[in-house]
Number of protein chains: 2
Amino acid sequence: MDTALDRAVRVFRDRGYHATSIGDLTAAMRLATGSVYKAFRDKHAVFLAAFERYTALRQEQTRSAAERGANGREQIRNVLLSYVEHSQGVEGRRGCLVVGSAIELSAHDPVVAARVSAQLATNEKLIARLIRDGQADGSIPCHVPADETARLMLCITQGMRVVGKTRLPLDGRRLVDVAMKLLA
Amino acid sequence: MDTALDRAVRVFRDRGYHATSIGDLTAAMRLATGSVYKAFRDKHAVFLAAFERYTALRQEQTRSAAERGANGREQIRNVLLSYVEHSQGVEGRRGCLVVGSAIELSAHDPVVAARVSAQLATNEKLIARLIRDGQADGSIPCHVPADETARLMLCITQGMRVVGKTRLPLDGRRLVDVAMKLLA
DNA sequence: CATAATAGGGAATGAACGTTTCCGAATAAA
DNA sequence: TTTATTCGGAAACGTTCATTCCCTATTATG
């Protein structure tokens, strides 16, 4: 079932919600129509489950990227680098389910809107915490405004996913180097 | 006809391409089905015309924002501020047709993908030019890498539109102040 | 004045969609 | 072995969609 959900995630990331038909879904999940409707109430429920699964996975990935840093500054660098990599190439063109949901659904779907907001807030808080950690361990100057900088970095990460959907190549390391000036 | 197209822009920005039916379109444009199909080949053509009109308008708006600055640095600040304002409140929730097209269509629609890429490239080049102008007039240090910084600022602007689709309030001036550190 | 041409409106159409329902196979219980 | 139950598969349903066709005003033209 989880592997079927992973396949659903792929389709939704690739095509978005409205452009994904039940037929696309059953083909990707390798399930018949009836089976999908036995496991989920409707298409919307499949999407919500896929969203949940996607965010759990991504959360784990950026957390583990952060952990590979020796101090707050390096942890943020790793998070940004991880985002650049996920925004590039095949993975980038596949897109981000959070960004996709924000653009396609959040204006008219309160349930999705709430989950998107929660996910963005979580990401922003993670960055803010890493900034404060860095200020505590001396790797980031104290005059850096943690909350505003975190919000701007949130914009950067979400923007990278937008740019990554088109084919504009992102030169990861150099882009992150520039972004790190925000911590000066 | 142009006013009908403006109404079409509103609907597409609000709902996206796939969630907008011909019925929605005719209601918004105050035209009958037949009239729409007499003016445009199909729904896709309506969207392309709306996209064209939207980008022309936005281009004009950010250009004029830039012109209100006394030097390169202030021009960039004004462009960023203009983006924050357009990403906020009602206008922000209405969304950006470029971002929407990038997310919803560019992966499977080469025509739209080309226009989105072109628009992003234009925006990026404008910022890069303003950086170089600022370096020429002394308001921006010469060691700032124009192209990379421009690309990161492109990510920032597109990211603001994503965040602006949800209700997260963006504190414009402070956010831009932080972003201006990229020009230090 | 009569007629041709055009533009807009709205009903009709066929396809595709999301959803439901029913059927058969496999598994567990008796 | 027989019965009960669960699970996946596929056909059927009603709806909605994009698109086409035809009709009716209105304007321009001879």
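Values in this document were obtained by computation on a predicted structure and should not be read as measured data.
No side-chain N or O of Asp6(A) forms a donor-acceptor pair with one of Thr3(A) less than 3.5 Å apart.
Nearest heavy-atom pair, Leu80(B) versus Ala179(B), reported as atom, atom and distance to 0.1 Å: CD1-CB, 4.1 Å.
Look at Glu52(A) and Arg115(A) and you find a salt bridge, because one of the NZ, NE, NH1 or NH2 atoms lies within 4.0 Å of a carboxylate O, short of that distance. Between Glu91(A) and Arg13(A) there is a salt bridge, with a side-chain nitrogen of the basic residue lying less than 4.0 Å from a carboxylate oxygen of the acidic one. Between Asp147(B) and Arg132(B) a salt bridge is recorded (basic side-chain N to carboxylate O distance below 4.0 Å). Using a cutoff of 4.0 Å between basic side-chain nitrogens and carboxylate oxygens, Arg129(B) and Asp133(B) are scored as salt-bridged.
At whole-Å resolution of the value, CD1 in Ile22(B) and P in dG9(C) are 15 Å apart. Rounded to an integer number of Å, the gap from Leu25(B) CG to dC17(D) C1' is 13 Å. The CG atom of Asp24(A) sits 7 Å away from the P atom of dC17(C) (whole-angstrom rounding). Taking atom CZ on Arg30(A) and atom P on dG9(D), their separation rounds to 12 Å, with Å as the unit.
Contacts with DNA chain C (heavy atom under 4.0 Å) in residues 37-47 of chain B: Lys38(B), listed by number.
Nearest to the side-chain atoms of Leu31(B) among the listed nucleotides dG18(C), dA18(D), dG9(C) stands dG9(C).
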Please list, for nucleotides 10-14 of chain D, all pairs of protein and nucleotide N/O atoms separated by less than 3.5 Å.
residue : atom : partner  : partner atom : Å
dA10(D) : N6   : Gly34(A) : N            : 3.3

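Counting any heavy atom pair closer than 4.0 Å across all strands shown, Thr20(B) reaches sugar-phosphate atoms only and no base atom.
The distance from atom CZ of Arg58(A) to atom OG1 of Thr122(A), rounded to the nearest 0.5 Å, is 13.5 Å.
Between Gln75(B) and Asp137(B), the closest side-chain pair of non-hydrogen atoms is not below 4.5 Å.
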Donor-acceptor pairs under 3.5 angstrom involving side-chain atoms of residues 150-170 of chain A: please list them, not counting sequence neighbours.
residue   : atom : partner   : partner atom : Å
Arg151(A) : NE   : Glu124(A) : OE1          : 3.3
Arg151(A) : NE   : Glu124(A) : OE2          : 3.1
Arg151(A) : NH1  : Pro169(B) : O            : 2.3
Arg151(A) : NH2  : Glu124(A) : OE1          : 3.2
Arg151(A) : NH2  : Glu124(A) : OE2          : 3.2
Thr157(A) : OG1  : Met153(A) : O            : 3.4
Thr157(A) : OG1  : Leu154(A) : O            : 2.7
Arg161(A) : NH2  : His86(A)  : O            : 3.0
Lys165(A) : NZ   : Arg93(A)  : O            : 3.1
Thr166(A) : OG1  : Val163(A) : O            : 2.9
Thr166(A) : OG1  : Leu168(A) : N            : 3.4

Could you pull out every donor-acceptor pair under 3.5 Å between side chains of residues 44-51 of chain A and any protein atom, sequence neighbours left out?
residue  : atom : partner   : partner atom : Å
His44(A) : NE2  : Asp109(A) : OD2          : 2.5

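Within the helix from dC1(C)-dG30(D) to dA30(C)-dT1(D), the inter-axis angle between the opening and closing five-pair segments is 10°, rounded to 10°.
Scored by the side chain to side chain contact (heavy atoms under 4.5 Å, CB included) test, Ile22(A) finds Thr26(A), Thr33(A), Tyr37(A), Lys43(A) as partners (sequence neighbours excluded).
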